[in-house]
There are 2 protein chains.
Amino acid sequence: MKRNSRLSLALHTLGHMAVNPRKMRTSAEIAEHAGTNPVVVRRVLGKLRQAGLLISEKGHAGGWQLAREPQEITLADIYLALDESLIATGRTEEPSRCSVEHALHQKVASVMADIEKSLIERLASTTIAEVGGAESGHL
Amino acid sequence: MKRNSRLSLALHTLGHMAVNPRKMRTSAEIAEHAGTNPVVVRRVLGKLRQAGLLISEKGHAGGWQLAREPQEITLADIYLALDESLIATGRTEEPSRCSVEHALHQKVASVMADIEKSLIERLASTTIAEVGGAESGHL
DNA sequence: CATCACGAAACTTAAATAGTTACGAGAATA
DNA sequence: TATTCTCGTAACTATTTAAGTTTCGTGATG
């Protein structure tokens, strides 16, 4: 797999779930379809479960399922659940006693914050039902 | 140094150059101020030279200087010169024979492209003269 | 011609992420 | 009850990317 594949994996998986919301899927099935490992799947989907987007169950009939209707889950929900900004802001930690650096950081951080907000708004306008639903006889 | 420090380094350096555009700076000086290595500085500033933002000269009085007036260099110029998108789009290469994945990728890529365009517009509205110029008696 | 600075290649180090192995806990089924 | 299936999690390895470092060549200045 490649970099930043967590969001891809999450979107892809929930897209399929939207097509067939009642089906219980195991992490092994999901992993095979996505070309990765069951543990990786559980790691990623675990965050979505924490965010209330998914439900997981153990045991024989266990697996993963949407926690609510596909029309009620947007791409922004998934993006936010993973809690990893796609907007790389250059890791801001130090107090930066250099005034030029400080001014720049203020400016760039402000732009980045706006951009991220805008990104989330854009993602919020699409639900997984729309993305997965283009096709209905799949998986 | 941290990750994605190239843009920070570039912005920081050109911010200072904007304050004092006639001064010739060596990569050693710049590196010390930025807390990094001269070779790293040359690597980053080299891309800005390729983009026509900086001029470098060898020899005794050599070093780095702005290629044009600070009012004529925007943050977008620097961002674009480095040619590294801050918008991580999850590396799209495979044809993706899965229709759900394809639909998702289309959607996300389209949003990301818009966002990046918007980011560049925002950065283009600020010049390094504005950022560095808040202060004049520095370096 | 000695020195200073960039240019670039090659290598090492460090950090982040994906992949893997392993094992415990809980739930369904025989 | 015992078995089996699945998630949950920890620990480890492998891979990738970027930064840092060393080194040497080139050109310009004094």
Side-chain angles (χ1 to χ4, degrees), chain A residues 1-13 17 23-51 53-67 82-94, chain B residues 1-10 12-13 17 23-51 53-67 82-91 93-94:
Chain A
M1 245 175 158
K2 306 165 304 286
R3 207 173 89 171
N4 221 324
S5 58
R6 290 189 290 254
L7 180 59
S8 298
L9 174 57
L11 289 170
H12 186 184
T13 302
M17 288 178 165
K23 176 171 181 178
M24 190 70 95
R25 290 154 220 261
T26 69
S27 46
E29 290 166 0
I30 296 167
E32 190 182 13
H33 182 77
T36 182
N37 191 285
V39 176
V40 174
V41 170
R42 290 200 285 267
R43 277 208 282 253
V44 173
L45 299 193
K47 304 206 83 171
L48 303 186
R49 177 170 42 74
Q50 286 171 24
L53 304 180
L54 291 179
I55 291 169
S56 66
E57 297 201 32
K58 295 179 176 179
H60 254 90
W64 299 84
Q65 223 174 4
L66 294 180
L82 293 181
D83 193 33
E84 49 179 34
S85 180
L86 292 191
I87 313 295
T89 67
R91 274 64 196 275
T92 154
E93 278 108 21
E94 65 265 36
Chain B
M1 246 176 158
K2 305 165 302 288
R3 210 174 84 169
N4 220 323
S5 59
R6 291 189 289 254
L7 180 59
S8 298
L9 174 58
H12 186 185
T13 303
M17 288 178 164
K23 176 171 182 178
M24 191 68 97
R25 289 153 220 261
T26 68
S27 47
E29 289 167 0
I30 296 167
E32 190 181 12
H33 182 77
T36 183
N37 192 285
V39 176
V40 173
V41 170
R42 290 201 284 267
R43 277 209 281 251
V44 173
L45 299 194
K47 304 206 82 172
L48 303 186
R49 178 170 41 74
Q50 287 172 24
L53 303 180
L54 290 180
I55 291 168
S56 66
E57 298 202 31
K58 295 179 176 180
H60 255 90
W64 299 85
Q65 224 174 5
L66 294 180
L82 293 181
D83 193 33
E84 49 180 32
S85 179
L86 292 192
I87 312 295
T89 67
R91 272 66 195 276
E93 279 109 23
E94 65 267 35

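In what follows, chains carry the letters A, B, and so on, assigned in the order in which the sequence lines appear, proteins first and then strands, with residues in each chain numbered from 1.
At least one side-chain nitrogen or oxygen of B:Ser5 sits closer than 4.0 Å to the OP1 or OP2 atom of D:dA19. For A:Ser27 and D:dC7, the shortest distance from a side-chain N or O to OP1 or OP2 is below 4.0 Å. A:Ser56 has no side-chain polar atom (N or O) that falls below the 4.0 Å cut-off from OP1 or OP2 of D:dT6. Look at B:Arg42 and you won't find any side-chain N or O under 4.0 angstrom from OP1 or OP2 of C:dG7. The shortest distance between the side-chain N/O atoms of B:Thr26 and the OP1/OP2 oxygens of C:dA5 is not below 4.0 Å.
C:dT20 atom C1' lies 9 Å from atom CZ of A:Arg43, rounded to whole Å. B:Ile30 has its CD1 atom 11 Å from the C1' atom of C:dC6, to the nearest Å. Atom pair B:Arg6:CZ and D:dT17:C1' shows a separation of 9 Å (rounding to whole Å applied). The CG atom of A:Asn37 sits 13 Å away from the C1' atom of C:dT17 (whole-angstrom rounding). Counting to the nearest Å, the C1' atom of C:dA28 and the NE2 atom of A:His60 are 6 Å from each other. Atom CD of A:Glu29 and atom P of D:dC7 are 9 Å apart (whole Å). Between B:Glu32 atom CD and D:dT21 atom C1' the separation is 17 Å, expressed in whole Å. Rounded to a whole Å, the CG atom of A:Leu48 is 12 Å from the P atom of D:dG8.
Side-chain atoms of B:Thr36 lie closest to D:dG20 of the nucleotides D:dG25, D:dC7, D:dG20. Listed nucleotides: D:dT26, C:dA9, C:dG26. Nearest to the side chain of B:Val39: C:dA9.
Contact of the A:Arg43 side chain with the A:Arg6 side chain is not registered, since no non-hydrogen atoms from C-beta on lie closer than 4.5 Å.
Across B:Arg25, B:Arg49, B:Arg42, a single residue satisfies side-chain hydrogen bond (donor to acceptor under 3.5 Å, both in side chains) together with B:Ser56, and that is B:Arg49.
Annotation for A:Gln65: atom CD counts as buried by contact number, over 12 foreign heavy atoms lying within 6.0 Å. Within a 6.0 Å sphere centred on CD of B:Glu84, heavy atoms belonging to other residues, nucleotides or ligands number more than 12.
To the nearest 0.5 angstrom, A:Leu82 atom CG is 9.5 Å from A:Leu45 atom CG.
Comparing A:Gly59 and A:Gln50 by the nucleotide of DNA chain D that holds the closest heavy atom to each, the one mapping nearer the 5' end is A:Gly59.
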